[in-house]
Amino acid sequence: MGHKTIDELVRADEGLVSRSIFVDDDIFQQELRQVFSRAWLFVGHESLVPKPDDYFVSRMGTESVILTRDRQGLIQVMLNSCAHRGMKLCRYDHGNNRTFTCPYHGWSFSTDGKLVERPGELVGVPGHATHYKGELDKKQWGLKTVAQVVNYKGAVFATWDADAPPFEDYLGNMRLYLDAALDHRDGSPGGSEVIGGVQKWRVKCNWKFAPENFIGDLYHDISHRSVDIVGIGPGGGKGRRDASVSRSAICFPELGHGLLGRLPFYEEGPYAPQYARYPEVEAYFRQIHEQRERTLGSAMRVQTSVGTIFPNMSFHGRQPRTLAVFHPISATEMEMWRMYLVDKDAPEAVKEAMRHYFLRYSGPGGMTESDDMENWTGATEASMGAMSRELYFNYQMGVGHAQPVPEIPGCAVNGEYTEENARIYYRRWAQFMNGLSWEQLMAGAVRLEERAA
Ligand code: FES
Ligand code: FE
């Protein structure tokens with residue numbers, strides 16, 4: 001990459017982004033510090049830890065973290081690394097543990113608020129009285145915990161940065177669209193759950209290709225032609241969803257989030273043809289839609305298809321609802337995770353139909369995901385050379401044509417096919433990489449809100 005500055009590498013206004021930010025090791029290390037140590041990151045779903053002492057091992061950037069529900073029922077997130085000499089405490093993907101005991105020298109840590117003042121406190125040290133002569137201050141040697149954690153409609157997000165703004169401010173008006181994925185029944189009881197566990201697999205590509213794709217790359221649909229020809233939608237017809245709806249690329253330029261959705265109003269796609277072969281499923285979603293229409297009326301939200309929360313979480317916002325997270329492993333490798341959400345109290349037939357559709361569509365063996373992976377790995381590999389990494393990718397579609405949406409503060413939209421959303425994503429990335437303060441990072445969002453008021 002030579003010695004280019006971040007602003008030379010990301011020239012978002014011109015629609016130019018250097019290939020080096022997808023392959024360079026120094027940039028990658030800088031990302032871990034400037035992006036992953038500060039931003040709010042998706043860590044998991046509450047349904048992965050339903051009972052006290054349940055834990056699920058997740059990741060934040062390249063770090064392994066423990067997501068656990070303490071005995072008081074609160075979700076805690078801690079670094080999965082012993083304070084003594086760094087050994088991984090949890091070596092399984094999930095389980096149930098009252099205390100976390102290190103396999104190396106046996107230190108143990110607890111999250112039980114009855115025993116400890118703060119989660120992850122050191123409670124047991126073999127030989128504390130003898131080998132340490134009682135002199136080791138256990139209070140000083142707890143596990144590193146995240147600075148802030150939220151359980152937002154069942155989705156757990158956390159940040160290492162105590163100065164980060166509250167999660168809902170970080171989301172801004174993107175919240176409405178994330179809600180569609182997390183809780184499409186708008187707070188009606190029951191909630192959502194992840195079914196079938198978490199699919200995890202590694203892809204030899206830079207992690208940013210995936211959130212960039214999900215933030216609004218409708219243009220790449222040509223990649224999925226074979227899927228469209230085969231027809232994997234639940235109705236059994238051609239196309240992936242058996243229903244083509246026009247979508248707009250909607251983005252939040254000041255926050256770096258974006259989606260493909262339907263403006264101006266929420267209109268659920270025609271469920272009848274979509275789930276025609278599954279009458280029970282069709283009836284279930286129709287009833288939810290009608291209920292939603294009754295409770296929300298004219299406040300019906302925009303229909304979301306796919307979206308991205310900066311930096312590395314994406315989702316499908318309509319049936320089937322999925323959450324995806326793209327963990328950085330190195331500049332040229334990521335670990336992709338996918339979770340499938342269903343209503344906890346949905347009939348078994350609905351869950352089963354969703355499960356089948358998920359498996360055809362997504363995941364390492366899914367028909368669309370494998371198309372995308374092929375593109376991302378190919379683009380990464382072909383940008384690793386000394387010559388190719390000096391080139392720029394083109395993000396010029398629709399430059400200068402974004403329009404604000406008065407009804408949605410802080411929002412811009414640019415028709416169906418545009419690269420506006422990718423541009424706002426990389427502009428946000430550059431702001432983080434340049435080390436802007438949270439005040440600076442959020443100032444634009446506040447300004448837009450005020451303007452709309
Ligand atoms: Fe954990 Fe020593 S590394 S007890
Ligand atoms: Fe795709």
Side-chain angles (χ1 to χ4, degrees), residues 57 63-64 66 78-91 97 99-110 120-128 130-132 136-138 140-144 199 201 203 205-233 239-241 244 247 249 258-260 304-308 314-318 320 322-326 334 336 338 357-358 360-380 416-417 419 421-422 425:
V57 173
E63 327 254 27
S64 176
I66 303 169
M78 305 167 297
L79 194 64
N80 185 17
S81 176
C82 179
H84 181 226
R85 212 87 96 238
M87 176 59 187
K88 261 190 185 178
L89 288 171
C90 290
R91 290 176 299 159
N97 258 0
T99 52
F100 296 97
T101 301
C102 180
Y104 199 169
H105 312 92
W107 283 21
S108 56
F109 305 85
S110 176
E121 212 172 280
L122 178 60
V123 289
V125 176
H128 187 259
T130 52
H131 316 334
Y132 283 101
L136 178 74
D137 183 359
K138 289 195 227 158
Q140 299 292 319
W141 291 95
L143 298 178
K144 167 91 179 162
Q199 285 186 312
W201 69 105
V203 190
C205 75
N206 183 271
W207 65 272
K208 293 188 289 301
F209 277 110
E212 173 208 302
N213 183 285
F214 276 90
I215 206 171
D217 189 341
L218 193 57
Y219 195 38
H220 88 290
D221 258 12
I222 191 170
S223 295
H224 301 303
R225 272 208 61 198
S226 55
V227 179
D228 290 335
I229 291 166
V230 172
I232 61 168
R240 271 161 286 158
R241 299 177 190 85
S244 90
R247 288 171 281 178
L259 69 142
L260 281 171
T304 310
S305 51
V306 290
T308 287
S314 297
F315 56 86
H316 281 103
R318 67 194 291 256
T322 79
L323 306 180
V325 56
F326 316 106
M334 71 162 175
M336 188 160 168
R338 229 188 227 287
Y357 188 24
F358 293 149
R360 286 197 297 276
Y361 190 94
S362 298
M367 290 188 71
T368 59
E369 214 101 89
S370 44
D371 294 335
D372 294 322
M373 289 189 288
E374 189 74 11
N375 291 327
W376 304 334
T377 54
T380 300
E416 222 176 333
Y417 291 94
E419 282 163 346
N421 291 22
Y425 178 85

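Along the sequence shown, residues are numbered consecutively beginning with 1. Whatever order the structure lists ligands and atoms in, that order sets their numbers, starting from 1. Being a predicted model, the structure only gives us computed values, none of them experimental.
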Please check this pair: side chain of [X] against backbone of [Y], looking for a donor-acceptor N/O pair closer than 3.5 Å.
X: Thr380; Y: Asn206; result: yes
X: Ser223; Y: Asp371; result: no
X: His131; Y: Pro126; result: no

Item to check | Non-hydrogen atoms of Glu212 and Ala422 that approach each other most closely | outcome: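 Answer, listing the atom of Glu212 first, then Ala422: CG-CB, 4.0 Å.
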
Item to check | Parallel, tilted or perpendicular: ring planes of Tyr132 versus His128, cut at 30 and 60 degrees | outcome: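 It falls in the tilted class, 30° to 60°.
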
Item to check | the Fe ion (ligand 2) to nearest N/O/S of Asp372 below 2.8 Å | outcome: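 So Asp372 does bind the Fe ion (ligand 2) by this criterion.
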
Next on the checklist: For Leu122, run the side chain to side chain contact (heavy atoms under 4.5 Å, CB included) check against Leu143, Asp137, Leu136 and tell me which one passes.
Outcome noted: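 Option passing the side chain to side chain contact (heavy atoms under 4.5 Å, CB included) with Leu122: Leu136.
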
Item to check | the Fe ion (ligand 2) to His220: nearest N/O/S atom name | outcome: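 Going by distance to the Fe ion (ligand 2), the closest N, O or S atom in His220 is NE2.
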
Checklist entry - Relative to the Fe ion (ligand 2), which of the N, O or S atoms in His224 is the closest? => result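 The atom in question is NE2.
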
Next on the checklist: For atom 2 (Fe) of ligand 1, which protein N/O/S atoms fall under 2.8 Å? Skip waters.
Outcome noted: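 Within the sphere that stays under 2.8 Å of atom 2 (Fe) of ligand 1, the protein atoms of type N, O or S are His84 ND1, His105 ND1.
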
Item to check | Contacts of type side-chain hydrogen bond (donor to acceptor under 3.5 Å, both in side chains), residue Asp372, not counting sequence neighbours | outcome: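 Partners of Asp372 by the side-chain hydrogen bond (donor to acceptor under 3.5 Å, both in side chains) criterion, ordered by chain and then number, come out as His220, His224.
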
